[in-house]
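Report on the following structure.
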Amino acid sequence: MSDKEKKQGTSISRRNFLKGVGTGTVAATVVPSVLIGSEEAAEAQAGDAISTATIQLNINEKMYEVEVEARTTLLTVLRDGTDTSGDNVDLTGAKLICDRGECGGCTVMVDGKSVYACMMLAIDAQGKKITTVEGLANGDDLHPVQEAFIQHDALMCGFCTPGFIVSSAALLNENKKPTLEEIKTGLSGNTCRCGTYPFIFDAVKTASRKM
Ligand code: FES
Ligand code: FES
């Protein structure tokens, strides 16, 4: 990829990126037989095995420029990514728990809707508005859902809590006055192993009244 293409982070499509990676993989596999076992072969394979791209992401209304591989998830960027300026993204509210779209611990909002960040490729998040649990509060003013979780003591170990809070905020974005059944359905993608569900549902009801 040319320097110019790398700089045009937002124009890199997943299709082209994956195509590029596919080409790289093939190139790495089809090393000329005369080179097999040689230093040149090792270099050719190492050089072609991983393709990266520099992309821009809007996270909590701040732009980040990060270098990613095709396989890099949004969750990896949030938790472990480094901006090209050298600053760590360091948004660790979204948790890596199951890493397979089952627990909801990694939930963030993408364009206002809840998304499992472990299941979304970072490159697919380009041009979208990403909101993590850290971005819900306005300075020292907590989001009504955050306040309600505190008020109802809706957590025990707290590991699932950021995901539940983001899912609850996304639910209330779409449905200002959900019924208990709608709250249960809206949060059905999140799991709490400590069993705090009744308190969480009460917190969402309280937050809906405040909002
Ligand atoms: S860590 Fe993403 S759904 Fe469990
Ligand atoms: S509070 Fe412990 S997993 Fe939900």
Side-chain angles (χ1 to χ4, degrees), residues 14 17-18 55 57-60 64 66 68-82 88-137 142-175 178 180-208 210:
R14 180 185 176 192
F17 188 15
L18 292 175
I55 62 170
L57 296 176
N58 178 346
I59 307 169
N60 298 336
Y64 293 84
V66 289
V68 297
E69 297 173 18
R71 63 179 177 172
T72 305
T73 65
L74 176 58
L75 184 61
T76 298
V77 170
L78 294 174
R79 294 182 60 83
D80 303 318
T82 303
N88 293 329
V89 179
D90 202 25
L91 294 167
T92 55
K95 301 287 182 275
L96 176 62
I97 305 176
C98 70
D99 202 15
R100 54 196 287 177
E102 287 182 355
C103 72
C106 63
T107 305
V108 299
M109 267 192 255
V110 176
D111 286 344
K113 295 190 185 309
S114 61
V115 165
Y116 292 150
C118 73
M119 298 297 287
M120 182 173 205
L121 292 176
I123 198 163
D124 285 339
Q126 290 179 107
K128 297 183 165 61
K129 187 178 166 191
I130 302 151
T131 307
T132 70
V133 70
E134 292 91 341
L136 289 179
L142 293 180
H143 187 282
V145 171
Q146 293 171 313
E147 284 180 344
F149 266 64
I150 295 169
Q151 183 184 337
H152 287 275
D153 210 9
L155 63 150
M156 286 181 75
C157 76
F159 217 64
C160 69
T161 309
F164 266 103
I165 287 177
V166 174
S167 290
S168 302
L171 168 67
L172 295 176
N173 277 349
E174 293 192 343
N175 182 353
L180 178 58
E181 282 313 306
E182 287 169 335
I183 293 170
K184 288 181 179 177
T185 302
L187 300 183
S188 59
N190 292 69
T191 304
C192 174
R193 288 166 185 78
C194 299
T196 59
Y197 295 102
F199 305 103
I200 291 172
F201 300 152
D202 285 347
V204 177
K205 275 190 261 170
T206 296
S208 79
K210 284 188 185 171

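Atoms within each ligand, like the ligands themselves, are counted from 1 in listed order.
Defined by atom type and a distance below 3.5 Å, a donor-acceptor pair is present between the side-chain atoms of Asn175 and Glu182.
If you look at Asp99 next to ligand 1, the close heavy atoms, those under 4.0 Å, all belong to the backbone. Looking at Met119 against ligand 1, nothing comes within 4.0 Å, counting heavy atoms.
Distances from atom 2 (Fe) of ligand 1 show that Cys103 has no N/O/S atom below 2.8 Å. With a cut-off of 2.8 Å, atom 2 (Fe) of ligand 2 has no N, O or S atom of Cys160 in range. Counting backbone and side-chain atoms alike, Cys192 contributes no N/O/S atom closer than 2.8 Å to atom 2 (Fe) of ligand 2. Cys98 lies apart from atom 2 (Fe) of ligand 1 in this respect, since none of its N, O or S atoms is found at a distance under 2.8 Å.
Less than 4.0 angstrom separates some heavy atom of Cys157 from each of these atoms of ligand 2: 1 (S), 2 (Fe), 3 (S). When each atom of ligand 2 is checked for a heavy atom of Arg193 under 4.0 Å away, the hits are 3 (S). Listed by number with element, the atoms of ligand 2 under 4.0 Å from a non-hydrogen atom of Gly158 are 1 (S), 2 (Fe).
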Test side-chain contact (heavy atoms from CB on, under 4.5 Å) applied to Thr132 and Val166, step by step: CA-CA 7 Å; Thr132 70; Val166 174; over 6 Å; no
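Within 6.0 Å of NZ on Lys210 lie more than 12 heavy atoms contributed by other residues, nucleotides or ligands. Heavy-atom contacts from other residues, nucleotides or ligands closer than 6.0 Å to NZ of Lys128 number more than 12.
Atom CG of Leu136 sits about 8.0 Å away from atom CG of Asn60, to the nearest 0.5 Å. Between the OG1 atom in Thr185 and the CG atom in Leu180 there is a gap of 9.0 Å [rounded to 0.5 Å]. Between the CG atom in Leu74 and the CE atom in Met119 there is a gap of 12.5 Å [rounded to 0.5 Å].
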